[in-house]
Structure formats: structure tokens, C-alpha cells
Amino acid sequence: MKLDPDQHAFLRDPATIAVMDAISPADADTARFVGGCVRNAIQGEPVEDVDIATQLTPDETLAALQAAGIRAIPTGFEHGTITAVVNGAPFEITSLRKDVTTDGRRAVVAFTTDWMLDAGRRDFRLNAIYARRDGSLFDPWNGVADAQARRVVFIGDPDQRLAEDVLRILRFYRFNAWYGSELDAAGHDACIRAAPRLAGLARERVWKELKKLLAAPDPGAVAKAMHLGHVFEPVWPEPLDLNLLLSIINADRGKGRAPDTLLRAAALCGGKGDAVRSLCDQMKASNAETSRLVAMCDPAPERAGDVRPGLDGKALSRALYALGGQTVSDRLRLAEARGEGDADADLRTAAAWRAPDLPINGRDLIEAGLQTGPQLGAVLSQLEEAWIESRFTLDRQALLAMASEGRG
């Protein structure tokens with residue numbers, strides 16, 4: 001098989017050609033495309049990132065790029081990775097490597113010029129396909145057949161691959177969610193056996209992989225297999241609500257909604273505040289991730305009311321003002337997944353929501369004759385409540401008139 005440059009834009013892109021001219025000039029064949037760009041091209045999937053493997057050492061790669069006037073960033077120099085940037089587009093270039101020692105989490109590598117040795121240390125056969133500049137392929141592990149059949153199969157012995165790097169467990173399921181059709185039985189069994197070792201991984205690495213898995217269009221079957229195989233248990237807080245996750249996924253697919261990683265994570269936690277707090281703590285989630293997950297799962301403040309599909313206009317407006325469009329949308333989708341009604345109309349309203357500003361403030365009330373102190377705040381709160389109840393139609397003059405009436 002050969003990739004046709006006329007059908008695969010990344011092969012003929014001027015930025016790509018500039019990088020390859022620098023590190024693999026003419027017929028040198030010292031650099032080849034590898035990994036996701038080749039796999040996706042074979043499967044007819046979009047190519048987003050272009051990764052390149054090279055026989056050059058990191059020092060040689062840096063020198064070649066700099067000589068060509070290409071910006072070069074040593075993003076992982078000790079592991080052989082240099083990032084070239086052309087017209088804002090990054091290209092990750094990694095020297096061919098062979099493992100010297102592995103401990104299940106990190107590998108000590110040595111550089112090589114042997115394409116077969118580099119291929120042999122990769123995780124899955126469909127990720128060990130190399131494409132030359134003309135599109136011809138080097139496929140030492142029959143990865144093309146796997147990519148075409150949408151099979152994710154470990155290179156060599158899966159137990160050995162997992163002993164080298166236990167994170168490959170999560171990569172196995174993530175790649176199946178995105179690119180596979182049916183779990184390879186030998187790989188799945190090996191992942192189940194090795195799953196307890198996931199507890200020793202840095203949680204940031206685990207969270208990154210799990211988010212990528214949940215972002216797949218339909219990770220339901222993979223998540224179910226992980227759940228039944230107890231693969232989640234070393235890394236995910238209980239309780240797990242697989243049914244709620246599957247319901248969210250089915251709604252996404254049935255209604256043409258984009259996958260939402262955090263919403264799916266909340267569903268897997270049962271939409272419960274305590275569970276998502278535990279998840280965020282264990283995974284060392286970012287502040288933004290934590291805030292959103294907690295907001296969608298914690299009990300709503302009293303002024304927001306119960307958020308569910310089918311609220312009347314006044315109740316929905318009140319919830320949107322109290323919580324904001326994102327949180328209301330998240331709560332609506334979780335409620336819909338629990339079977340509480342169709343949320344489409346309310347989601348459209350939430351998407352168009354723009355929070356109005358209260359037309360008056362404390363200074364306005366003071367100028368109208370009210371005294372500063374606790375009562376001023378109480379009056380302002382009462383006026384805000386009346387304004388919300390009117391669905392934000394009361395204007396400044398009407399609110400000041402109400403304040404004057406109340407004072408009188």
C-alpha cells in the first residue's frame with residue numbers, strides 16, 4: 001500500500017515539505033512520518049498532528065532545522081524529541097529509539113538508526129507504520145491491516161508491553177474508543193491482569209488519558225468493558241454510574257451533540273457532588289475543571305430552583321440568572337440522561353443566554369434617600385428579586401419607584 005500525496009494533504013503541505021527537506025533531503029530517507037498521521041490517513045480519518053521519526057540524533061536534528069531557518073524547540077530533548085514550527089504549525093520530530101531499561105512508568109532509551117528497533121518499542125501495530133515522503137510505507141508489524149480492520153493490537157506480547165509501561169492499559173482502551181471496532185481479547189485480558197498497577201501512576205497522566213477516552217464519539221462499549229474488567233477501580237472513585245454515562249453518550253449521538261468530556265466524567269460519577277469532588281482531588285484536576293464539575297453536580301442554591309427539562313420561562317430565566325448558561329446546560333443534560341424529559345428547547349435557550357445587569361445599585365438607592373447600612377442591602381436584594389420575577393423587564397425608574405414606595 002502507498003499513500004497518495006494527492007489524497008493526503010499533509011504529505012504535500014509546504015510546511016511539511018520544508019521540515020522534511022531540512023532533515024531528510026533528496027533521497028536520504030533519514031526521516032519518515034509515523035503514528036497518528038499515518039494511521040488516520042489509512043483509516044480515512046482527519047490528520048491533525050504530524051509526527052516524524054528520524055535517524056538523526058537530537059543534536060543533528062536541531063542543527064539541520066536551524067540551518068534551514070526553521071524554529072526548533074527541544075521539547076523533549078533527553079528523549080529525542082524536537083518540535084519544529086513552520087508558519088505556526090508544530091511538527092514533533094523524534095530520533096529513533098530503543099529501550100535500555102523500563103520500570104512500568106518510564107523508560108531509559110538509547111538512540112538508534114534501526115527502523116525495526118524503533119518500531120518494536122511502540123505500543124500497537126497500527127501505530128508502528130512509517131510513511132516515506134513519497135507515501136510508500138514501512139510496515140514491519142502488519143499495522144496497515146490492523147488500521148484497515150480497525151483492530152488495536154499490541155506489538156508482540158501484551159503482558160510485556162504493559163510491564164514496560166502500564167499507562168498503555170489506558171491507551172489500549174482510548175485507541176479502541178477512537179479507532180477500534182472490537183477489543184482484541186488478548187490485549188483486553190492482559191490489561192485486566194495489569195490493571196492494579198495503574199494505582200502507581202501519576203494521576204495527571206491518568207486523567208489526561210481518561211479525558212481523551214471520554215472525548216471519543218462513542219466510548220460506551222469500551223467504558224463498559226473497562227467497568228466489567230475492574231480496570232477503573234484503581235484510578236476512579238466509587239460509585240461508578242455506567243448507565244448514566246451510556247445515557248449521555250446515546251443522547252449525544254442521537255441528537256447530534258458534540259461529546260463533552262467533563263459532562264461524561266460527571267455522569268460516570270453518577271452526577272453526585274461528593275463523587276466529582278473525590279475525582280477532582282484524586283486526578284488533581286485544574287481549578288476550572290473542578291469548578292465546572294462541582295457546579296453541575298452539587299445541590300443548586302435555593303434561588304436557582306430545581307433545574308430540569310420543561311421548566312416554564314420564568315423558572316428557567318431564574319435558574320439561568322443564578323447559575324449561568326453553562327451550569328444550567330450541564331444540569332439539564334444530566335437530568336435528561338436520568339429520564340426527566342427532553343432538554344433540546346431549554347438547551348437552546350441556555351445557549352443564547354446573556355446575563356442582564358441589574359439596572360440599579362446601592363449608590364442609586366442612596367441618592368434616592370435611603371441610608372447606608374444593612375437595610376440598604378436588604379432593599380437592594382428585594383428589588384433584585386422583583387426584577388428577576390419580572391423576567392428582567394423592570395427598568396431603573398420602576399425599581400427606584402418601588403424603593404421609594406417601600407421607604408414611605
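Treat the numbers as computed from the prediction; the structure is a model and nothing was measured.
Between Glu389 and Arg318 there is a salt bridge, since at least one side-chain N of the basic residue sits less than 4.0 Å from a carboxylate O of the acidic one. A salt bridge is defined here as a Lys NZ or Arg NE, NH1 or NH2 lying under 4.0 Å from an Asp or Glu carboxylate O, and Arg122 with Asp118 meets this definition. Using a cutoff of 4.0 Å between basic side-chain nitrogens and carboxylate oxygens, Arg396 and Asp364 are scored as salt-bridged. The pair Arg331-Glu340 does not meet the salt-bridge criterion, since no charged nitrogen lies less than 4.0 angstrom from a carboxylate oxygen. By the 4.0 Å N-to-carboxylate-O rule, Arg168 lies too far from Glu209 to be salt-bridged with it.
In terms of heavy-atom proximity, Ala64 sits nearest to Ala22 at CB-O, 3.5 Å. In terms of heavy atoms, Ile23 sits closest to Leu56 at O-CD1, 3.7 Å. Nearest heavy atoms, Ile129 versus Val144: CD1-N, 3.6 Å. Closest of all the heavy-atom pairs between Pro359 and Leu399 is CD-CD1, 3.8 Å. For Ala72 against Leu62, the heavy-atom pair with the smallest separation is CB-CD2, 3.6 Å. Residues Leu201 and Val206 share a closest heavy-atom pair of CB-CG2, 3.9 Å.
Other residues, nucleotides and ligands contribute at most 12 non-hydrogen atoms within 6.0 Å of the NZ atom of Lys224. When the shell of 6.0 Å around NZ of Lys208 is examined, it contains 12 or fewer heavy atoms from other residues, nucleotides or ligands. Crowding of Gln375 atom CD: a count of heavy atoms from other residues, nucleotides or ligands under 6.0 Å not exceeding 12. The local environment of CD in Glu48 is sparse, with at most 12 non-hydrogen atoms from other residues, nucleotides or ligands closer than 6.0 Å. With a 6.0 Å radius and a threshold of 12 heavy atoms from other residues, nucleotides or ligands, Glu78 has its CD atom above the threshold. Applying the 6.0 Å contact sphere to CG of Asn142 captures more than 12 heavy atoms from other residues, nucleotides or ligands.
Residues Val152 and Asp146 have side chains not in contact (no heavy-atom distance under 4.5 Å, counting atoms from C-beta outward). Residues Arg171 and Arg161 form no side-chain contact, since every pair of their non-hydrogen atoms from C-beta on lies 4.5 Å or further apart. Residues Arg150 and Leu126 are not in side-chain contact: their nearest non-hydrogen atoms beyond the backbone lie 4.5 Å or more apart. You'll find the side chain of Phe33 stays beyond 4.5 Å of the side chain of His8, heavy atoms only. Using a 4.5 Å heavy-atom cutoff, the side chains of Leu394 and Met402 are in contact. No side-chain heavy atom of Pro219 sits under 4.5 Å from any side-chain heavy atom of Tyr173. With contacts defined as side-chain heavy-atom distances shorter than 4.5 Å, the pair Val328/Thr349 does not qualify. Looking at heavy atoms from C-beta onward, Leu380 lies in side-chain contact with Ile360 at the 4.5 angstrom threshold.
In this structure a side-chain-to-backbone donor-acceptor pair under 3.5 Å is present from Arg97 to His79. In this structure, the side chain of Asn176 does not engage the main chain of Gly180 through any donor-acceptor pair within 3.5 Å. With hydrogens and angles ignored, the 3.5 Å screen pairs a side-chain donor or acceptor of Thr393 with a backbone N or O of Ser390. Between the side chain of Thr16 and the main chain of Phe10, a donor-acceptor pair closer than 3.5 Å is present. Looking only at distances, a side-chain donor or acceptor of Gln55 sits under 3.5 Å from a matching main-chain atom of Thr113. In this structure, the side chain of Ser317 engages the main chain of Gly313 through a donor-acceptor pair within 3.5 Å.
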Problem set entry | Chi angles and distances behind the side-chain contact (heavy atoms from CB on, under 4.5 Å) call for Glu164, Arg121 | CA-CA 9 Å; Glu164 293 165 354; Arg121 69 172 301 276; over 6 Å; no
Exercise. Can you check side-chain contact (heavy atoms from CB on, under 4.5 Å) on Met116 and Trp141, steps first, answer last?
Worked result: CA-CA 9 Å; Met116 191 67 189; Trp141 292 99; 4.3 Å; yes
Exercise. After noting the C-alpha distance and the side-chain angles of Asp134 and Ser136, does the key distance pass the side-chain hydrogen bond (donor to acceptor under 3.5 Å, both in side chains) rule?
Worked result: CA-CA 6 Å; Asp134 64 358; Ser136 61; 2.7 Å; yes
Listed pairs under 3.5 Å, donor-acceptor, residues 256-273 side chains, sequence neighbours left out:
unit_1, atom_1, unit_2, atom_2, d
Arg257, NH1, Glu336, OE1, 2.6
Arg257, NH2, Glu336, OE1, 3.4
Arg257, NH2, Glu336, OE2, 3.2
Arg257, NH2, Asp344, OD1, 2.7
Asp260, OD1, Leu262, N, 3.3
Asp260, OD1, Leu263, N, 3.0
Asp260, OD1, Arg292, NH1, 3.3
Asp260, OD1, Arg292, NH2, 3.3
Asp260, OD2, Arg292, NH2, 2.8
Arg264, NE, Asp252, OD2, 3.3
Arg264, NH1, Leu214, O, 2.7
Arg264, NH1, Ala216, O, 2.6
Arg264, NH2, Pro217, O, 3.3
Arg264, NH2, Asp252, OD2, 3.0

Listed pairs under 3.5 Å, donor-acceptor, residues 87-94 side chains, sequence neighbours left out:
unit_1, atom_1, unit_2, atom_2, d
Thr94, OG1, Thr81, OG1, 3.0

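For Phe111, the ring-ring contact (aromatic ring centres under 6.0 Å, His included) criterion is met by no residue, not counting sequence neighbours. The ring-ring contact (aromatic ring centres under 6.0 Å, His included) test applied to Phe77 returns no partner, not counting sequence neighbours. With sequence neighbours excluded, the residues satisfying ring-ring contact (aromatic ring centres under 6.0 Å, His included) with Phe154 are Phe124, Phe172. Residues passing the salt bridge (Lys or Arg N to Asp or Glu O under 4.0 Å) test with Arg12, sequence neighbours excluded: none.
Ring orientation note: the planes of Trp387 and Phe392 are nearly perpendicular, at an angle over 60° on the 30°/60° scale. Ring-plane geometry between Trp236 and Phe232 is classed as perpendicular, the angle between the planes exceeding 60 degrees on a 0 to 90 degree scale with a lower cut at 30.
Taken to the nearest 0.5 Å, the CD1 atom of Ile248 stands 14.5 Å off from the CZ atom of Arg253.
A salt bridge (charged side-chain N to carboxylate O under 4.0 Å, His left out) with Arg133 is found for exactly one of Asp27, Asp21, Asp13, namely Asp21.
Using modelled atom types, one finds a donor on one side chain and an acceptor on the other under 3.5 Å when comparing Arg39 with Asn127. Checking Glu45 against Trp178 by side-chain atom types alone, no donor-acceptor pair falls below 3.5 Å.
Between Phe138 and Trp115, the distance separating the two ring centers is not shorter than 6.0 angstrom.
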